[in-house]
Amino acid sequence: LSHVPSVLEAILAKSAAPAPAAAHGEYLVFLSHKQTDAKDFARALHAQFTPRGLPTFLDMEFKEELNDLEAIVATIPNFIFILSDNVFESTWCLKELASAVRSKANIIMITKEGARWAVDEGGPRDKTFPPYSLIESLPEEVKPAFSSKAIAHSD
């Protein structure tokens, strides 16, 4: 997880003030991921951040009811969106991202190693960042999240 220092720097640079108390605990980071693509990667990030003093929300570790993830996201100042092959097919991930945009969270995108997208449907998956055509097909409220560069994951 060689990218952890750069992710930590991105979080700390935009989190000078202490985070407000969240409704479900005091989390500084929310990890959004498509479980079928990135659950092990998300767990590894969680395991790296938490001992470093960054309380991190991970749905698989959360012991309470997950009825309203959008409300939970809105209380957490840093949002990590793990870009993986099928993340845009997840209604939950898109709702979480929309909530992060609305709440003006610090959004950090990490492209999971090996993730690829096609420029045209059915075309070769050879793009290491979602192509413009894919971003344009997303709901309007999530598009602002793609205005900054993603951190590339590398083992």
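Atom set for the values below is all heavy atoms of this structure, side chains included, hydrogens, waters and symmetry mates excluded.
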**Message:** Do Phe146 and Leu134 make a side-chain contact, defined as non-hydrogen atoms from C-beta onward lying under 4.5 Å apart?
**Reply:** no

**Message:** Quick check on side chain to side chain contact (heavy atoms under 4.5 Å, CB included): which of Val73, Leu69, Asn78 does Phe57 satisfy it with?
**Reply:** Leu69

**Request:** Measure across Ser99 and Ala74 and return the closest heavy-atom pair with its distance rounded to 0.1 Å.
**Result:** OG-N, 3.6 Å

**Message:** Walk me through whether Val142 and Phe88 qualify under side-chain contact (heavy atoms from CB on, under 4.5 Å).
**Reply:** CA-CA 11 Å; Val142 302; Phe88 299 113; over 6 Å; no

**Request:** Work out which heavy atom in Phe81 is nearest to a heavy atom in Cys93; give both atom names and the distance.
**Result:** CE1-O, 3.7 Å

**Request:** Hey, can you tell me if Phe79 and Phe30 have their rings parallel, tilted or perpendicular (30° and 60° cut-offs)?
**Result:** parallel

**Asked** How close do Ile76 and Ile72 get, heavy atom to heavy atom, and via which atoms?
**Response** CG1-O, 3.5 Å

**Message:** Are there over 12 heavy-atom neighbours, none belonging to Lys39, within less than 6.0 Å of that residue's NZ?
**Reply:** no

**Prompt:** Can you tell if the side chain of Ile110 reaches within under 4.5 Å of the side chain of Phe41, non-hydrogen atoms only?
**Reply:** yes

**Message:** Between the side chains of Arg102 and Glu141, is the shortest nitrogen-to-carboxylate-oxygen separation below 4.0 Å, so that they form an ion pair?
**Reply:** yes

**Request:** Working to the nearest 0.5 Å, report the span between CG of Leu45 and OG1 of Thr50.
**Result:** 10.0 Å

**Prompt:** Hey, what do you get for NE2 (His33) to CG (Asp59), rounding to the nearest 0.5 Å?
**Reply:** 4.5 Å

**Complete:** Shortest non-hydrogen pair, Ser84 vs Lys34, comes out as OG-CB, 3.9 Å

**Glu96 CD to Thr91 OG1 distance, which is reported to the nearest 0.5 Å** = 11.0 Å

**Item:** Residue that, paired with Arg116, satisfies side chain to side chain contact (heavy atoms under 4.5 Å, CB included) out of Thr128, Thr111, Asp126
**Value:** Thr128

**Asked** Side-chain contact, heavy-atom cut-off 4.5 Å: Leu83 with Trp117?
**Response** yes

**Item:** From CG (Asp85) to NZ (Lys112), nearest 0.5 Å
**Value:** 8.0 Å

**Request:** Drop me the distance from Ile151's CD1 to Ile82's CD1, to the nearest 0.5 angstrom.
**Result:** 11.5 Å

**Asked** Hey, does Leu138 have a side-chain heavy atom less than 4.5 Å from the side chain of Leu97?
**Response** no

**Item:** Main-chain N/O of Pro131 paired with Ser133 side-chain donor or acceptor, under 3.5 Å
**Value:** no

**Flag side-chain contact, heavy atom, 4.5 Å: Met109 against Lys149** = no

**Backbone of Val87 reached by a side-chain donor or acceptor of Ser90 within 3.5 Å** = no

**Message:** To the nearest 0.5 Å, what is the distance between NZ on Lys95 and OG on Ser32?
**Reply:** 12.5 Å

